[in-house]
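This report refers to the structure that appears directly beneath it.
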2 protein chains.
Amino acid sequence: MWRIDPASDDPLYAQLVAQVRLGVAHGTLRPGERLPSARELAASLELNMHTVLRAYQVLRDDGTLELRRGRGAVVASTATDLTDVERAVADLAAAARRAGLSVQTTTTLVTEAMHR
Amino acid sequence: MWRIDPASDDPLYAQLVAQVRLGVAHGTLRPGERLPSARELAASLELNMHTVLRAYQVLRDDGTLELRRGRGAVVASTATDLTDVERAVADLAAAARRAGLSVQTTTTLVTEAMHR
DNA sequence: CTACTTGTTCTACGACTACTAAAACAAACG
DNA sequence: CGTTTGTTTTAGTAGTCGTAGAACAAGTAG
């Protein structure tokens, strides 16, 4: 885990957010599991503590993580079954690729569909 | 068409990009059709010409539009059938909503799935 | 050919975001 | 108790977003 690309267009904190979300969605990160502390993760990734903390705070506001002083960041207990979603995602990816759609156009379509 | 929200978190040019992409995907904008000139659209939306032009340039680099001086912005001829994609998008949106996933997490999953 | 339209390029500015940095603080842990 | 860890504050640099004005080049239309 924790593959950060400083040269990416996406902000560093957003990359962390996406990775945690994917980990939780895929079951790699299980509810109750503890993530590295902000200082620890920042040191190992050669980032600033605030950058890591910002990602953690986004995920806390999102309901994905629970943050407490002295304990650190813990994955919240969501416990939803994502098999349907995973299959739908795979189907969409295949259809979009077949149609020659870009990733951006595809996510734009998804965002629009979910905003209704 | 052309509903811009200056208070949105998304940049103005990104909103324009998304709307053109959706228009092309849904068939509202057909290949060969001409979009308003950058100055014209900027005036009617009360934006700066550069903001509109930036959106047009993103779409040109994307292959969605063709830009030529004196003529303006024209929808490129892609002509792909999107019925499969539309159905897959609707299925995914339903599954994600059923699982209680946020729009962001869902698009993150889609992005990841298409990057493989 | 001429006049007009339209995209292209350049410089510049103010506002905001992203990231880093150092420090001090408060709550929970062992 | 001391340690760990998130929280908050202040500060600086770099980059993006949007606006603005101007000049330029390649097409279009008459």
Side-chain angles (χ1 to χ4, degrees), chain A residues 2-21 29 32-77 104 108, chain B residues 2-21 24 29 31-77 104 108:
Chain A
W2 308 125
R3 293 190 183 172
I4 299 302
D5 176 17
S8 167
D9 288 336
D10 295 325
L12 302 175
Y13 84 93
Q15 296 182 44
L16 291 173
V17 167
Q19 292 197 18
V20 173
R21 278 210 261 252
L29 292 174
E33 189 167 345
R34 191 188 161 213
L35 297 181
S37 76
R39 295 175 219 266
E40 201 176 330
L41 187 54
S44 74
L45 296 179
E46 296 181 335
L47 303 178
N48 190 277
M49 180 188 69
H50 296 291
T51 304
V52 177
L53 224 40
R54 177 163 185 183
Y56 280 5
Q57 286 161 359
V58 168
L59 291 163
R60 177 199 56 192
D61 298 347
D62 193 54
T64 306
L65 295 182
E66 291 175 2
L67 302 184
R68 296 190 195 168
R69 302 185 240 216
R71 195 192 312 183
V74 177
V75 179
S77 56
Q104 297 163 12
T108 301
Chain B
W2 309 126
R3 294 190 184 173
I4 298 303
D5 177 15
S8 166
D9 287 337
D10 295 325
L12 300 176
Y13 84 92
Q15 296 182 44
L16 290 174
V17 168
Q19 291 197 18
V20 173
R21 278 209 260 252
V24 174
L29 291 175
E33 188 167 346
R34 192 188 160 211
L35 296 180
S37 76
R39 296 175 219 264
E40 201 177 330
L41 187 54
S44 72
L45 295 179
E46 295 180 338
L47 302 178
N48 191 280
M49 178 186 72
H50 297 292
T51 305
V52 177
L53 224 41
R54 180 163 182 182
Y56 280 5
Q57 285 161 358
V58 169
L59 292 163
R60 177 201 54 192
D61 297 347
D62 191 56
T64 306
L65 295 182
E66 292 176 0
L67 304 184
R68 296 190 193 167
R69 302 183 238 215
R71 194 191 314 182
V74 177
V75 178
S77 56
Q104 296 163 14
T108 301

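Within every chain, numbering begins at 1; the chains are lettered A, B, ... in the order of the sequence lines, protein sequences first and strands thereafter. It should be emphasised that the depicted structure is a prediction, and the values quoted were computed from it without experimental measurement.
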Sole candidate of Leu29(B), Val52(B), Leu16(B), Leu59(B) that passes side chain to side chain contact (heavy atoms under 4.5 Å, CB included) when paired with Leu35(B):
Leu29(B)

Do the side chains of Trp2(B) and Pro36(B) get nearer than 4.5 Å, heavy atoms only?
yes

dC17(D) OP1/OP2 closer than 4.0 Å to side-chain N/O of Tyr13(B):
yes

Please indicate whether Arg34(A) has more than 12 foreign heavy atoms, meaning atoms of other residues, nucleotides or ligands, lying under 6.0 Å from its CZ.
yes

Distance check needed: dG12(D) P versus His50(A) NE2, whole Å only.
15 Å

Rounded interatomic separation in angstrom, taking CD from Glu66(B) and C1' from dT28(D):
17 Å

Rounding to a whole Å, what distance do you find between Leu47(A):CG and dA21(C):C1'?
14 Å

hbond_proxy Arg71(B) side chain to dG7(C) base (donor-acceptor, 3.5 Å cutoff):
no

OP1 or OP2 of dT7(D) versus the side-chain N and O atoms of Gln57(A): is any pair under 4.0 Å?
yes

Whole angstrom is fine here: how far is it from CD in Glu40(B) over to P in dC4(C)?
17 Å

Do any side-chain nitrogens or oxygens of Arg60(B) fall under 4.0 Å of OP1 or OP2 in dT8(C)?
yes

Side chain of Arg54(B), base of dG18(D): donor and acceptor closer than 3.5 Å?
no

Phosphate-side-chain proximity, Arg69(A) and dC25(C), N/O vs OP1/OP2 below 4.0 Å:
no

Looking across every strand, which nucleic acid part, if any, lies under 4.0 Å from Leu53(A) by heavy atom: base, sugar-phosphate, or nothing?
base

